[in-house]
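Input: a single structure, listed below in structure tokens.
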2 protein chains.
Amino acid sequence: MPITIYDIAKAAGVSIATVSRVFNQAENVKPQTRKKVLKIADEMGYHPHVYAQGLASKKKNRIVMLAPVMSNYFFTEVLRGIQDSLAEEHFELNIVNIGRKKDAFKLVEETIKKRWAEGYLLVSLHFSEKELKLLKRHNIPVCLVDDFSNSFDSVSFNNEEGAYLATKYLISKGNRQIAVLSANANSIPIRDRLKGYRRALDEFEIPYDENLIITGDSMERDGFTELSGYQAMNKILNLDPIPDAVFCTSDTKAVGAQKALKEHGVHLPLISFDNLTIAEYIGLSTVNQPMYDMGFRATNKLIQRLHNPDLRISNEVHHPELVIRSSSEKLKEVTS
Amino acid sequence: MPITIYDIAKAAGVSIATVSRVFNQAENVKPQTRKKVLKIADEMGYHPHVYAQGLASKKKNRIVMLAPVMSNYFFTEVLRGIQDSLAEEHFELNIVNIGRKKDAFKLVEETIKKRWAEGYLLVSLHFSEKELKLLKRHNIPVCLVDDFSNSFDSVSFNNEEGAYLATKYLISKGNRQIAVLSANANSIPIRDRLKGYRRALDEFEIPYDENLIITGDSMERDGFTELSGYQAMNKILNLDPIPDAVFCTSDTKAVGAQKALKEHGVHLPLISFDNLTIAEYIGLSTVNQPMYDMGFRATNKLIQRLHNPDLRISNEVHHPELVIRSSSEKLKEVTS
DNA sequence: CTGAAAGCGCTTACAG
DNA sequence: CTGAAAGCGCTTACAG
């Protein structure tokens, strides 16, 4: 039913090879012929069938992005970076939602096996080195985003350092008892951020107190939600004594935490993590994570590898930057 | 280089037809044969080539979502609905970013012509009936999300009604001078929302004053950004007299607007639009828009049409619901 | 500058 | 339950 290259060739009185050349920007077609083919193709509403093209040419001009969760701001910014980077190249983007299931790895492997794309971007998927080795044997270009490995190119973020900076800042302002608004303790970013927190404590010889590591009850999205932040902050406010300050592991959680603070009429100096757009508008002190850049850079890296498969593996680590706004201030002395 | 169906057939001592049957869940394969093929395929790391499958079978099991902007919460929620709906079916999702360019329509048409997918979801793309007619002639299943047309199935939202409800509520609380924090005046949602605003004014015989329709200077994302809301609210606060209340055309803008209010130490009753997750946490009174549901329902509708192309065109309109929180309160009387 | 022909990796009647 | 063969709609040396 749909128009094929044969229909166009017949209507234009040329061979299908010529039609194909016209659509592949080949230079060696008589301008007159080209014009005629284009005209007829336009009239008949023809467009090459991508699957047939892909099969015959063995080119796909497509990269696939795999991610565990799509509906959060982090993902959204990374995606924006990817798309902006791709816009300059001749590639299409495919997005596959992996979800948080146990068999995430299987799903990723299945997807890669299907060979839809020439390259794959694995975002926030923290597989073991063993699993990554399994992926490696499919011998396909992959770049990790927000993860690190020796087996593949990667663009990641120094979470440990970010938490260290935030905690150190709070300490430098005279806070000693610093609670952590944490999330799923098994998630890699949380593990790294807790390490940074401890390093700062150690440096100032403040004893580590595990009772100050507080997690909300909701574990949706690994606990990186407003609700979970709200729950956790309520727990913190029930601590006795109430800690001096809070290191919050994400801006999203901080939004929930601030609601709890407001309801209790309490202020606690707080620094969070990510620097989402909203942070600026609600006065959140936070650790800036260049999500957009990470997506952009990772895509560049992947495309480079497509062009040159023998490139040495390269790991790019982005560094944190502390952005201080009002949430980290101590309460102003109230002169009564 | 990659393993093909021939390699598996040879290794298993069967024909490629049999291998194909095994991978297509055909029932008529001897269990023994099936097991053997599966084992060998697994060992050799084989997976059917999707392009070849698509070409030979003329099935794609793929739907494409086309959207103008991806990095905002609205899109993100719609996407979540789409994915949840798709998860139950046997379809893959492809996302194509159309951007805000002039030639958005051309891009959409190009994409549809490529015939990647059996069905297309057009999200927040407001084309004219004339343009939609052009799309129609490609004779392909399409469902519009956040838009309405007689030519295609659609799932949309009653923006006019939402603005009407919000404005009416503000009036009912005794506010007369109600400013609008607006955005790109040419965007369809803004046009509809302004209509609803006027209808409420008319009903209460409040004269319409175009000086109360305020837009920020930044027109990124049609002005639906925190920055734009911040700018617009600053303008409103310079009005003389300051209006009684504000109808804000999106939660995102409201976040910016609240910052401006805070900086000026002023409170103005405010209702906004969308009911993003964050609205609950910052006490925003707002018009709930069921974004997730709209994505979910639209996908269902599209898949139904795939199964049954002769279905009558169906337009589903979702209705607004006012969610009142603290931002719309009048300032409490200060007893001094 | 153009065409005939082989081939890309599958599916699917058709026949047995 | 299985195989031989045609066909899906293209691209691309190869030859002219």
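Here is how names work: the chains are called A, B, and so on, in the same order as the sequence lines, proteins then strands, and each is numbered from 1.
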Quick one: does Ser154(B)'s side chain have a donor or acceptor within less than 3.5 Å of a partner on Ser156(B)'s backbone?
no

Looking at Lys301(A) and Glu316(A), does any basic side-chain N land under 4.0 Å from a carboxylate oxygen?
yes

Nearest to the side chain of Lys30(A), heavy atoms from C-beta on, is which of dG3(C), dT12(C), dT2(C)?
dT2(C)

For Val50(B), answer base if it contacts any base atom (sugar-phosphate contacts may also be present), sugar-phosphate if it contacts only those atoms, and nothing otherwise; contact means non-hydrogen atoms under 4.0 Å.
nothing

What is the distance, rounded to the nearest whole Å, between atom NZ of Lys58(B) and atom P of dC10(D)?
11 Å

When you match Gly13(B) and His47(A) each to their closest nucleotide on DNA chain D, which lands nearer the 5' end?
Gly13(B)

When the distance from CG of Asn24(B) to P of dC10(C) is rounded to whole Å, what number comes out?
11 Å

Please report, rounded to the nearest Å, how far the C1' atom of dG7(D) is from the OH atom of Tyr51(B).
21 Å

Would you mind reading off the distance between Arg21(A) atom CZ and dT12(D) atom P, rounded to a whole angstrom?
10 Å

What integer distance in Å separates Arg34(A):CZ from dT2(C):C1'?
13 Å

May I ask you to evaluate whether Thr33(B) reaches the phosphate of dT2(D), defined as a side-chain N or O under 4.0 Å from OP1 or OP2?
yes

When the distance from CD1 of Ile8(B) to P of dC10(C) is rounded to whole Å, what number comes out?
9 Å

Please state whether the rings of Phe105(B) and Phe127(B) are parallel, tilted or perpendicular, taking 30° and 60° as the class boundaries.
perpendicular

Hey, is the side chain of Lys59(B) poking within less than 4.0 Å of OP1 or OP2 on dT12(C), counting only N and O atoms?
yes

Using whole Å, what does the distance between atom P of nucleotide dC10(D) and atom CD of Gln53(A) come to?
7 Å

In terms of side-chain heavy atoms of Ala17(A), which of dC1(C), dT2(C), dG3(C) is nearest?
dG3(C)

Under the rule for side-chain hydrogen bond (donor to acceptor under 3.5 Å, both in side chains), what residues qualify as partners of Gln83(A), not counting sequence neighbours?
Asn97(B)

Is Ser20(B) touching bases, backbone alone, or none of the nucleic acid, heavy atoms closer than 4.0 Å?
base

For the pair made of CG in Leu55(B) and P in dT12(C), what is the distance, rounded to whole Å?
12 Å

What I want to check is whether an N or O donor and acceptor connect the side chain of Tyr6(B) with the base of dC10(C) at under 3.5 Å.
yes

If you find the nucleotide of DNA chain C closest to Ile16(A) and the one closest to Ala56(B), which residue's nucleotide is nearer the 5' end?
Ile16(A)

OP1, OP2 of dC10(D) versus side-chain N and O of Tyr46(A): anything below 4.0 Å?
yes

Would you tell me if any nitrogen or oxygen in the side chain of Ser15(A) comes within less than 4.0 Å of OP1 or OP2 on dG3(C)?
yes

Of Lys136(B), Glu129(B), His126(B), which meets side chain to side chain donor-acceptor pair (under 3.5 Å) against Ser149(B)?
Glu129(B)

